[in-house]
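The next block holds one structure in the form of structure tokens; read it before the comments.
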Amino acid sequence: MTLDDIHIHDSVILGVIEDTETDVLTFELSYPTDWDNDVYERRNLKFIDVLNYRVCEGSFIGSPTMLSYSVEALDSGHTRVKLETNAGYRKLSFKEVKLCPAT
């Protein structure tokens, strides 16, 4: 799975969990499953083998919403992306990404 397979636009970031032992970063999302009917469901967006996670967001009321992403580089098997939110942006490098049901 790649980020192209995941429609991150309008996903609300409810929380982020960093597993330092396995280098997995999990974004807990309110994920749009039916835009036409404004239906959102909880999903986990898991970035695997993560390096250099940075949050560059300003003061903001409420949870940030993801707007878009751009691939900045491919380095030694890692993809480096910039995730644009309505509060700023987040950057990270990862080897694999998965969209999973919330647990």
(request) Dump the intermediate steps for side-chain contact (heavy atoms from CB on, under 4.5 Å) on Phe94 and Ile48, then the final yes or no. (result) CA-CA 6 Å; Phe94 64 94; Ile48 299 162; over 6 Å; no

(request) Establish whether Val12 and Trp35 are linked, either directly or via other cluster members, by ILVMFWY side-chain heavy-atom contacts under 4.5 Å. (result)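 Result: no, two separate clusters.
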
(request) Give a yes or no on whether Leu51 and Val24 share a hydrophobic cluster (residues Ile, Leu, Val, Met, Phe, Trp, Tyr; joining criterion: side-chain heavy atoms under 4.5 Å apart). (result) no

(request) Could you tell me whether the side chain of Leu67 reaches within less than 4.5 Å of the side chain of Tyr89, counting heavy atoms only? (result)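 Result no, sub-4.5 Å side-chain heavy-atom pair not found.
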
(request) Please examine the side chains of Ile13 and Ser63, heavy atoms only from C-beta on, and report whether any two atoms are closer than 4.5 Å. (result)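 Counting from C-beta outward, Ser63 and Ile13 never come under 4.5 Å.
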
(request) Might you confirm whether atom NZ of Lys98 has over 12 heavy atoms from other residues, nucleotides or ligands at distances under 6.0 Å? (result)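 Incorrect, the count does not exceed 12.
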
(request) Could you pull out all residues at least two apart from Tyr53 that satisfy side chain to side chain contact (heavy atoms under 4.5 Å, CB included)? (result)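 Only Val16, Leu25, Phe27, Val50, Val55, Arg90, Leu92 meet the side chain to side chain contact (heavy atoms under 4.5 Å, CB included) criterion with Tyr53.
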
Would you give the length of the straight line joining atom [atom1] of [X] to atom [atom2] of [Y], rounded to the nearest 0.5 angstrom?
| X | Y | atom1 | atom2 | result |
| --- | --- | --- | --- | --- |
| Thr26 | Glu18 | OG1 | CD | 10.5 Å |
| Tyr69 | Asp4 | OH | CG | 3.5 Å |
| Ser11 | Leu99 | OG | CG | 8.0 Å |

(message) One thing to verify: whether Glu72 and Lys82 come together as a salt bridge, which I'm taking to mean a side-chain N less than 4.0 angstrom from a carboxylate O.
(response) no

Taking every non-hydrogen atom, the tightest pair across [X] and [Y]:
| X | Y | result |
| --- | --- | --- |
| Asp10 | Tyr40 | O-CE2, 3.3 Å |
| Leu14 | Arg42 | CD1-NH1, 3.2 Å |
| His7 | Pro32 | O-CG, 4.5 Å |

(request) Examine distances only and state if a side-chain atom of His78 and a backbone atom of Lys95 form a donor-acceptor pair shorter than 3.5 Å. (result) no

(request) Scan side-chain atoms only and decide if Asn44 and Tyr31 contain a donor-acceptor pair under the 3.5 Å cut-off. (result) no

(message) I'd like to know whether Met66 forms a side-chain contact (heavy atoms from CB on, under 4.5 Å) with Leu45, so could you lay out the CA-CA distance, the side-chain angles of the two residues, the decisive distance to 0.1 Å, and finally the verdict.
(response) CA-CA 12 Å; Met66 288 197 276; Leu45 182 61; 4.2 Å; yes

